[in-house]
Amino acid sequence: MTMDTPAGQGPKRVVIFDDDPVCRALHRAVVEECVPGVVVVEADEGIRGMAAVMKHTPDLVLADLALPNIDGRRVVRELKAMPKVCHIPILVISSVRLGAIDVHPMQQGVFLVTKPVARDDLKSMIMQCLSVKRVVPGFEPSILRGEFYCVFDQQAMAFALGTDWRCQLEVLGLFVALADERLRVLDQVRLMRLPHFESRTEVHGMLGSARVVGANRLSYRLAALVRAIEEDDLMLIELYALEAKDALEAAVSAVRGHMDSISREASVEILDRIRARQDDPGKRIGEV
């Protein structure tokens with residue numbers, strides 16, 4: 001068995017990068033204790049670590065933030081922007097203040113712990129990260145569209161919704177069904193046609209939905225829009241509302257393409273329920 005075996009086949013694989021050899025040795029020992037037969041690749045700085053992740057597509061990445069050559073925050077952002085590896089969970093173990101990393105941990109498949117971390121706590125975190133499946137059961141990875149992975153974080157979706165593909169399809173169908181109304185609301189926010197409180201409430205609701213389905217770019221834009229509304233910055237409200245509209249349209253397009261790509265694998269019953277849910281967004285999923 002080589003390290004180039006596709007993920008999900010053969011032993012679990014973990015990439016560890018930390019410039020401190022003592023930390024690397026400790027983390028390796030804990031990983032090997034958690035996962036018998038695991039294959040571990042080590043890197044002493046960020047560039048080599050990123051190269052190892054791209055080459056081996058591991059099941060988990062353990063990363064420090066304070067790295068030579070390239071900052072660990074940038075490493076995390078770069079990995080999460082790459083369609084090939086963005087679904088891989090990253091466990092950040094660092095003495096750097098955790099608020100300094102600008103990703104939403106639960107929604108981006110990034111888990112954060114501060115050094116020093118108790119050995120049992122680290123083991124628990126490693127097992128938690130490895131327990132979230134990266135690909136929705138019932139589908140072959142080959143038919144998951146690249147466009148979908150660019151716009152959505154599959155890890156975040158599995159974290160929030162579980163890994164049952166029927167549930168995920170129903171929620172994605174609802175997300176698409178509500179899109180037109182949310183686009184209209186964003187136009188109203190952009191043109192200052194809603195009271196301040198109502199604008200903030202509406203955008204907060206959209207942000208929650210975007211995070212549940214793992215819509216990365218949309219989540220960023222909506223979070224920025226919420227801050228602009230709170231600060232009553234009219235120029236930024238207009239800018240971020242326009243960007244949120246673009247991101248929402250891209251997300252809807254990706255969902256539709258994704259659903260088309262898996263239609264052959266989904267049962268007729270589930271697809272009929274999704275279509276019914278889109279025709280009448282007022283229905284609850286259980287009523288369809």
Side-chain angles (χ1 to χ4, degrees), residues 1-68 70-73 75-76 78-80 82 84-98 100-101 103-137 141 153-156 158-160 162-163:
M1 184 65 63
T2 69
M3 279 294 293
D4 293 315
T5 303
Q9 300 179 20
K12 292 283 188 182
R13 292 167 289 176
V14 175
V15 170
I16 300 173
F17 36 108
D18 195 308
D19 59 334
D20 185 340
V22 174
C23 288
R24 288 202 309 274
L26 172 61
H27 297 161
R28 180 177 191 128
V30 174
V31 168
E32 290 175 342
E33 183 178 343
C34 289
V35 190
V38 67
V39 179
V40 178
V41 175
E42 297 182 23
D44 58 3
E45 51 90 20
I47 294 175
R48 292 193 187 97
M50 291 176 65
V53 173
M54 292 300 294
K55 178 180 180 182
H56 304 305
T57 54
D59 298 279
L60 174 63
V61 172
L62 272 66
D64 188 18
L65 288 187
L67 295 169
I70 180 172
D71 183 76
R73 302 171 191 80
V75 168
V76 173
E78 293 288 341
L79 291 176
K80 285 301 175 183
M82 298 175 182
K84 179 183 176 182
V85 298
C86 64
H87 54 284
I88 298 172
I90 300 175
L91 177 55
V92 176
I93 309 170
S94 181
S95 56
V96 175
R97 184 176 60 88
L98 298 183
I101 186 167
V103 293
H104 189 285
M106 290 178 61
Q107 298 304 326
Q108 300 298 323
V110 179
F111 301 80
L112 310 171
V113 292
T114 306
K115 294 178 182 177
V117 55
R119 185 184 182 89
D120 286 347
D121 291 342
L122 181 56
K123 289 172 62 177
S124 176
M125 288 295 297
I126 289 170
M127 296 306 297
Q128 179 184 352
C129 292
L130 288 171
S131 69
V132 181
K133 297 188 178 183
R134 300 187 301 170
V135 178
V136 181
D153 182 349
Q154 192 79 353
Q155 179 79 9
F159 189 95
T163 54

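Computed from a predicted model, the values in this text were never measured in an experiment. Both backbone and side-chain heavy atoms feed into the values below; hydrogens, waters and symmetry mates do not.
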*Are Asp120 and Lys123 close enough that some pair of their side-chain heavy atoms sits under 4.5 Å apart?*
yes
*List the atom of Lys12, the atom of Asp59, and the distance in Å for their closest heavy-atom pair.*
CA-OD2, 3.4 Å
*Can you name the nearest heavy-atom pair linking Val15 to Pro58, along with the distance?*
CG2-CG, 3.7 Å
_Closer than 3.5 angstrom, by distance alone: can the side chain of Arg13 be matched with the main-chain N or O of Val39 as a donor-acceptor pair?_
no
*Does the side chain of His27 reach to within under 4.5 Å of the side chain of Val40, using non-hydrogen atoms?*
no
*asked:* Before you tell me yes or no, could you show the steps for Val61 and Val76 under side chain to side chain contact (heavy atoms under 4.5 Å, CB included), namely the whole-Å CA-CA distance, both residues' side-chain angles and the distance that decides it to 0.1 Å?
replied: CA-CA 10 Å; Val61 172; Val76 173; over 6 Å; no
*Who passes side chain to side chain donor-acceptor pair (under 3.5 Å) against Arg28, sequence neighbours left out?*
Glu32, Glu42
_Rounded at 0.5 Å granularity, tell me how far CG in Leu62 sits from CG in Leu60._
5.0 Å
*asked:* Assess the residue pair Val113 and Asp121 against the criterion (side chain to side chain contact (heavy atoms under 4.5 Å, CB included)); give the C-alpha distance rounded to whole Å, side-chain angles, the decisive distance to 0.1 Å, and a yes or no.
replied: CA-CA 9 Å; Val113 292; Asp121 291 342; over 6 Å; no
*So which of Ile126, Val31, Leu130 actually passes side chain to side chain contact (heavy atoms under 4.5 Å, CB included) with Val38?*
Val31
*With a 4.5 Å limit on heavy-atom distance, are the side chains of Val35 and Val14 in contact?*
no
*asked:* The criterion is side chain to side chain donor-acceptor pair (under 3.5 Å); which residues satisfy it with Asp19, sequence neighbours excluded?
replied: none
_Once rounded to the nearest 0.5 Å, what's the spacing between atom CG of Asp20 and atom CG of Asp64?_
8.5 Å
*asked:* Can you tell me how far apart CG (Leu65) and CG (Asp18) are? Round to the nearest 0.5 Å.
replied: 10.0 Å
*asked:* Give me the atom names and distance for the closest heavy-atom approach of Gly37 to Pro11.
replied: O-CB, 3.2 Å
_Pairwise distance CD1(Ile47) to CZ(Phe17) - rounded to 0.5 angstrom_ = 11.5 Å
*asked:* Using every non-hydrogen atom in the two residues, find where Arg24 and Ala43 come nearest and quote the distance to one decimal.
replied: CD-O, 3.5 Å
*Under the side-chain contact (heavy atoms from CB on, under 4.5 Å) test, residues paired with Leu26 that sit two or more places apart*: Val30, Arg119
*For residues Pro89 and Cys129, report the shortest heavy-atom separation together with the two atoms involved.*
CG-O, 3.7 Å
